[in-house]
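Have a look at the structure below before the remarks.
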Amino acid sequence: MKKTLLTILIFAGFSNLNFSQAWILSNVDPNTGNEPYEIASGDIDGDGDMDLVMATYDYNGGTPLQDYIKCYLNDGNGNFPVEIIVSSTIRWVDGLTLADVNEDGAFDIVASSAIQNKLVYYLSSTSMDNTYVYTEVSIASNIASPGDVVAGDINGDNHIDIVVPSYGSNWTQWFSGDGMGNFFVETTIESATTDGPYHIDVADFDADGDLDVVVGFVNSQSVEIYYNQYDGSDPTSVSWVKDTQTVDSGNSFLLVVAFADVNNDGIMDVVKLDNSSGEVEWFNKIKNGASTANTISDETIIDRPGAILVTDIDEDGLNDVILTDGGSADDAIVWFKGAANASPSATPTLIVDNNHQMFHVTAADFDGDLDIDIAAIGNSSDTVDWMENRINLLSVNDFESNTISIYPNPAKDVLNISGYSDTSIEISIVDLLGKKVLEKTLYTNEALDVSQLSNGIYTIKINNGFTYKFIKG
């Protein structure tokens with residue numbers, strides 16, 4: 001689905017950029033193999049720091065050559081001295097994510113092959129000489145042209161499930177996991193169309209406690225939402241209902257659809273990126289009602305946008321928007337500052353200016369300094385790079401110097417919150433993508449259970465006002 005855009009010549013340039021903070025660019029891999037296309041971050045080896053995984057998609061005019069999935073193990077300081085070839089037999093990886101499918105405390109690598117029609121994951125193990133060996137495990141081998149892959153708990157059983165669309169079969173399917181690495185085909189989310197589903201994301205869009213799915217269709221160039229009807233009683237009884245109103249239509253080349261709280265009002269929005277028109281928009285969507293489009297960026301800023309990511313990179317408790325260029329003229333990573341109950345700033349700030357065609361980005365704390373860094377693949381440069389965010393975040397001592405104290409930080413099972421005078425406080429926790437992952441009312445001297453959260457950096461909001469960062473590790 002991706003390669004027609006690479007043959008288009010692009011002549012637009014950047015405008016209206018400003019430079020307000022420093023980023024340091026470091027190379028992770030100078031030679032990934034031809035055309036790296038996907039990247040993800042997470043704790044792959046279970047040592048508490050954020051590693052990287054990358055996959056290539058060497059189109060080669062429609063005749064696949066050599067593709068790779070590689071992972072890069074972090075030493076905790078932003079160095080990636082260990083590079084491992086996870087697979088050299090998979091081809092055309094157009095879906096890549098990390099998830100702990102067997103619940104051993106380390107993320108596993110989940111990938112789809114658009115030409116081999118398969119969905120697989122890779123478990124890691126350490127050999128006698130302390131080298132990592134990855135074993136490919138099949139989830140499904142009969143998915144015609146699978147696209148994006150996402151992971152989440154669809155049926156509320158606290159195990160990772162997998163969602164994938166099939167462009168060739170015109171359906172979007174989910175597979176339930178049992179926590180031991182086994183997956184089972186479940187009810188189809190959507191089917192019986194000729195619209196060509198390819199891009200997806202999951203989140204609790206309607207705030208009813210389960211994960212819903214947004215789907216971007218290649219043939220119809222439309223965006224639709226499907227609501228999870230799980231009633232919480234029987235994990236095998238998940239069903240789906242399509243929103244009665246389309247989120248968006250009339251696109252030219254959908255490349256990304258996602259859920260995110262773009263306007264920082266505590267309610268999920270829908271994001272779309274059109275690589276051909278240059279439109280990057282967020283939608284204030286009412287369930288079974290109106291969908292209002294709001295511009296994040298257009299062709300005057302980045303003519304051929306490649307990837308978008310919504311996360312808080314300036315540590316003000318508000319989600320910002322990271323946007324990359326997938327063309328050959330603008331070629332940069334920029335970010336738009338988030339605002340409370342409003343669209344992000346209309347003027348982007350430049351992070352890195354290069355000529356690498358970046359179709360995917362990921363964000364995590366790669367150097368252990370408690371701020372959000374960025375990693376990206378260079379499709380034309382065949383590189384993996386990461387950009388160090390130079391903003392200093394709150395340390396443990398900074399937390400303790402405030403009226404409200406949160407400890408321990410990092411936390412494994414519980415967070416203790418003290419220093420407030422109210423008999424109760426409202427707590428919400430959001431992840432790096434701005435998705436709310438936990439919400440609870442805490443009473444005096446009650447600890448917050450965070451044991452079910454995956455390892456990583458989170459923002460905790462107290463009474464929808466005070467915001468702090470903490471590490472689940």
Side-chain angles (χ1 to χ4, degrees), residues 26-58 66-113 118-127 129-139 148-151 160 162 181 307 358-368 373-379 381-387 432 454-456 473:
S26 298
N27 180 251
V28 176
D29 186 353
N31 185 17
T32 59
N34 289 338
E35 301 190 33
Y37 194 62
E38 300 283 343
I39 191 169
S41 56
D43 186 6
I44 299 173
D45 54 2
D47 65 354
D49 51 48
M50 295 295 104
D51 309 304
L52 290 168
V53 59
M54 175 280 315
T56 64
Y57 187 135
D58 187 7
Q66 183 75 65
D67 277 315
Y68 297 96
I69 296 177
K70 293 182 180 180
C71 70
Y72 311 90
L73 302 185
N74 193 342
D75 66 1
N77 298 308
N79 305 306
F80 297 85
V82 179
E83 174 185 316
I84 302 167
I85 297 177
V86 176
S87 174
S88 60
T89 59
I90 197 168
R91 301 289 182 266
W92 288 10
V93 179
D94 212 348
L96 182 72
T97 193
L98 294 176
D100 185 5
V101 301
N102 63 342
E103 299 177 8
D104 65 352
F107 284 160
D108 308 300
I109 301 166
V110 185
S112 67
S113 166
K118 66 181 181 180
L119 175 65
V120 299
Y121 69 87
Y122 298 88
L123 289 176
S124 66
S125 61
T126 307
S127 66
D129 58 357
N130 289 323
T131 59
Y132 284 88
V133 178
Y134 283 85
T135 302
E136 182 177 295
V137 181
S138 175
I139 298 175
D148 292 344
V149 174
V150 293
I160 289 294
I162 305 295
M358 298 179 179
F359 291 113
H360 210 193
V361 294
T362 186
D365 178 17
F366 297 118
D367 53 0
D373 309 304
I374 301 169
I377 44 86
N379 187 265
S381 59
D382 296 339
T383 59
V384 173
D385 302 287
W386 78 279
M387 286 128 273
L432 287 176
S454 300
N455 291 346

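Positions are given from 1, in the same order as the sequence printed here.
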Please list, chain by chain and in numerical order, all residues satisfying side-chain hydrogen bond (donor to acceptor under 3.5 Å, both in side chains) with [X], sequence neighbours excluded.
X    : answer
D67  : T56
S113 : Q116
E103 : H159

Check whether any side-chain heavy atom of [X] lies under 4.5 Å from a side-chain heavy atom of [Y], and answer yes or no.
X    : Y    : answer
P36  : D382 : yes
I109 : L98  : yes
D373 : D365 : yes

ask   = So, does D100 use its side chain to make a donor-acceptor pair with the main chain of F107 at under 3.5 Å?
value = no

ask   = W386 side chain to G78 main-chain N or O, any donor-acceptor pair under 3.5 Å?
value = yes

Determine the minimum heavy-atom distance between [X] and [Y], stating which atoms define it.
X    : Y    : value
E38  : G95  : OE2-N, 4.2 Å
M50  : A364 : CG-CB, 3.7 Å
I44  : A106 : O-CB, 3.1 Å
P30  : T383 : O-CG2, 3.8 Å
D51  : Y72  : CB-O, 3.3 Å
A111 : L96  : CB-CD1, 4.1 Å

If I take atom [atom1] from residue [X] and atom [atom2] from residue [Y], how far apart are they, to the nearest 0.5 angstrom?
X    : Y    : atom1 : atom2 : result
I377 : T32  : CD1   : OG1   : 8.5 Å
I162 : I139 : CD1   : CD1   : 5.0 Å
E35  : Y68  : CD    : OH    : 14.0 Å
I39  : H360 : CD1   : NE2   : 8.5 Å
D29  : S381 : CG    : OG    : 10.0 Å
I84  : L73  : CD1   : CG    : 4.5 Å

request  = Scan for side chain to side chain donor-acceptor pair (under 3.5 Å) pairs involving residues 74-86, sequence neighbours excluded, and state none if there are none.
outcome  = K70-E83, D75-N79

query = Does any pair with a residue in residues 39-50 pass side chain to side chain donor-acceptor pair (under 3.5 Å), and if so which ones, sequence neighbours excluded?
reply = S41-T362

inquiry  = Checking Y121 now: which residues fulfil ring pair (Phe, Tyr, Trp, His ring centres under 6.0 Å) with it, not counting sequence neighbours?
reply    = F183

request  = Evaluate the ring-ring contact (aromatic ring centres under 6.0 Å, His included) criterion for residues Y57 and Y37: first the C-alpha distance (whole Å), next the side-chain angles of each, then the deciding distance (0.1 Å), finally the verdict.
outcome  = CA-CA 6 Å; Y57 187 135; Y37 194 62; 5.7 Å; yes

remark   = Test side chain to side chain contact (heavy atoms under 4.5 Å, CB included), reference D108, set I160, L123, T97, output is L123

inquiry  = Could you check whether Y122 and Y134 have their ring centres less than 6.0 Å apart?
reply    = no

